[in-house]
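In what follows, a structure is listed as structure tokens, so that the remarks can point back to it.
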Protein chains: 2
Amino acid sequence: MAGRAAVPEVIWARRERTGRGPKPAYTRADIAAAAVRIADAEGLDAVSMRHVAAELGCGTMSLYNYVPRKEDLYELMVDAVSGEHELWEPSGDWRADVMRIAHQTRALMHRHTWMSRLMSSLYGFSPNALRYLEHCMACLDPLEAPHGTKMELLAMVNGCVTVYVSNELAVAERTRSLPWSDEEEQAVRIAYLGSQIASGAYPRLAAAFMEDAGPIDLEAVFERMLGRVLDGFEPRA
Amino acid sequence: MAGRAAVPEVIWARRERTGRGPKPAYTRADIAAAAVRIADAEGLDAVSMRHVAAELGCGTMSLYNYVPRKEDLYELMVDAVSGEHELWEPSGDWRADVMRIAHQTRALMHRHTWMSRLMSSLYGFSPNALRYLEHCMACLDPLEAPHGTKMELLAMVNGCVTVYVSNELAVAERTRSLPWSDEEEQAVRIAYLGSQIASGAYPRLAAAFMEDAGPIDLEAVFERMLGRVLDGFEPRA
DNA sequence: AGCGCACTACGTACGCTGTACGTAACTAGG
DNA sequence: CCTAGTTACGTACAGCGTACGTAGTGCGCT
């Protein structure tokens with residue numbers, strides 16, 4: 001009977017509508033959509049309570065009727081785009097299905113570049129996340145393994161995809177903010193990194209950077225990474 | 001000769017000291033140490049320019065002589081604790097060495113719980129990061145593979161460790177902010193998650209959650225994950 | 001030797017953030 | 001019908017990053 005009211009509750013445990021009083025002017029979906037629109041167009045840092053409220057056309061503080069803290073707004077956003085995952089009838093080939101899931105997740109994170117940043121800090125048992133997880137598990141039905149192992153597989157795949165895309169986006173951001181062209185980029189990288197490497201203190205890094213001169217094929221690397229992860233779960237022959 | 005001054009430079013390309021004028025009162029190491037102290041004690045969000053300046057005992061704007069943007073302060077912090085990595089003479093057993101590296105990285109991120117948050121957004125070719133990377137590559141000398149593959153291995157290991165610890169910390173944070181004890185935690189999780197699962201819409205998730213009733217052994221899961229990653233790089237027999 | 005300038009230090013100020021709080025309007029349940 | 005629980009929203013506050021201006025300092029050059 002201790003006061004458990006003052007506790008930070010998960011937003012999904014709250015009912016959306018609560019009977020008494022005037023009907024809410026917006027749904028959670030409206031709010032999430034507005035926030036996603038802003039994040040897509042102007043970046044995650046542009047998502048402020050004021051900005052989202054303005055996008056919706058209501059006063060700033062009205063938002064707090066729907067969303068107790070800003071963090072919950074993020075949760076709404078992640079759930080909303082999690083709903084973009086295509087969920088198909090499992091093919092029977094778990095490897096192919098998981099590959100397809102990974103590629104779709106990557107595409108989704110490229111479409112909403114702020115996702116990878118939010119995913120790594122959120123708890124993530126939103127309704128759409130549950131639906132998505134259930135679909136992933138369904139794809140793993142053909143795999144002979146305990147549920148726990150399957151969950152570990154999914155965690156690893158999701159984790160790898162997230163960090164991979166994070167890196168992709170970080171590098172893209174870095175080169176985009178540079179005023180030089182891609183070809184000159186190489187030269188610029190030499191400016192600092194090269195000065196360090198030329199110092200001779202890092203012979204192996206020097207060798208590594210000399211080796212891959214051409215632009216790396218991000219798709220191929222992604223594919224290779226996934227393959228290796230899944231190899232670890234292949235039943236022993 | 002186009003104006004390349006207005007460009008966001010990497011802080012490591014800046015010289016720390018520049019001859020003319022009064023001697024700077026602090027070193028980059030001083031500043032990084034102050035910021036790390038604050039982040040460790042009060043969390044990453046407590047690291048503000050004002051707060052760090054106060055910790056150093058100087059005016060807020062004086063910090064900007066050393067650090068052009070706040071993001072660079074983060075870079076300094078990451079580099080500082082990257083220097084905590086123990087670098088040993090490679091044993092000749094690359095698998096064992098990589099395992100040891102991963103365990104140390106995990107320990108480091110538990111010591112500085114804000115690291116995982118920063119690592120996923122930073123570019124990361126700071127001096128200490130280079131030293132660390134070179135050491136990792138040295139550990140991989142016994143592995144018969146091209147440099148590019150070795151880099152991919154390290155990226156995967158580092159990535160997996162980062163997301164793993166992120167999850168660990170997120171869960172810990174969630175349960176810590178709850179006023180209930182660990183045993184009751186289980187019951188609370190049922191409150192929302194259980195209501196969803198009991199709905200019957202997610203049969204596989206239900207089965208999975210029922211299966212692992214006891215507290216999971218985080219060390220064992222970590223070990224297993226690493227093992228699987230490394231398996232993917234074992235030379236084919 | 002001494003001038004000039006690059007550099008450090010730092011106070012003030014601006015626009016922005018999340019959100020606590022108080023008030024007015026509204027409507028469903030007893 | 002009344003009233004209690006909700007919605008809506010304006011105001012206010014503490015804190016943020018940082019642009020800008022000013023004052024003082026000491027190295028490098030003439």
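Chain A is the first sequence line, chain B the second, and so forth, proteins listed ahead of strands; every chain is numbered from 1.
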Which residue, B:Asp45 or A:Thr60, contacts DNA chain D at a nucleotide closer to its 5' end, judged by nearest heavy atom? A:Thr60
Nearest listed nucleotide, side chain of A:Pro22, among D:dG17, D:dT6, C:dC10: D:dT6
Which sits closer to the 5' end of DNA chain C, A:Ala46 or B:Ser62, going by the nucleotide each is nearest to? B:Ser62
Consider only side-chain N and O atoms of A:Asn65 and A:Ser62, and report whether a donor and an acceptor are under 3.5 Å apart. no
Whole-Å distance between C:dA28 P and A:Lys23 NZ? 6 Å
Between P on C:dA13 and CZ on B:Arg50, what's the gap in Å once rounded to a whole number? 13 Å
Nearest-Å distance, CZ (B:Arg15) to P (C:dA6)? 13 Å
How close or far is atom C1' of D:dC9 from atom CG of A:Leu56, stated in whole angstroms? 14 Å
Which nucleotide in the set C:dG18, D:dT7, C:dT8 lies at the smallest distance from any side-chain heavy atom of B:Tyr66? C:dT8
Between P on D:dT6 and CG on A:Leu63, what's the gap in Å once rounded to a whole number? 19 Å
Quick one: the side chain of A:Arg69 and the base of C:dG18, do they pair up donor-acceptor inside 3.5 Å? no
Taking only N and O in the side chain of B:Tyr64, is any of them less than 4.0 Å away from OP1 or OP2 of C:dC10? no
What is the distance from OH of A:Tyr74 to P of C:dG18, rounded to the nearest Å? 7 Å
Counting N and O atoms only, with roles assigned by atom type, does the side chain of B:Glu134 sit under 3.5 Å from a partner on the main chain of A:Arg204, one being a donor and the other an acceptor? yes
Given B:Trp114 and B:Asp45, is the side-chain contact (heavy atoms from CB on, under 4.5 Å) satisfied, shown in steps? CA-CA 9 Å; B:Trp114 41 271; B:Asp45 292 335; over 6 Å; no
Using a heavy-atom cut-off of under 4.0 Å over every strand shown, decide if A:Ala53 touches base, sugar-phosphate, or nothing. nothing
Rounded to whole Å, how long is the line connecting atom CG of A:Asn65 with atom P of C:dT23? 17 Å
Looking at the side chain of A:Met49, which of D:dC9, C:dT27, C:dT19 is the nearest nucleotide? C:dT19
Can A:Asp72 and A:Arg28 be counted as an ion pair, charged N to O under 4.0 angstrom? no
Tell me the interatomic distance from B:His51, atom NE2, to D:dA14, atom P, rounded to whole angstroms. 18 Å
A:Thr113 (side chain) donor-acceptor with A:His110 (main chain) under 3.5 angstrom: no
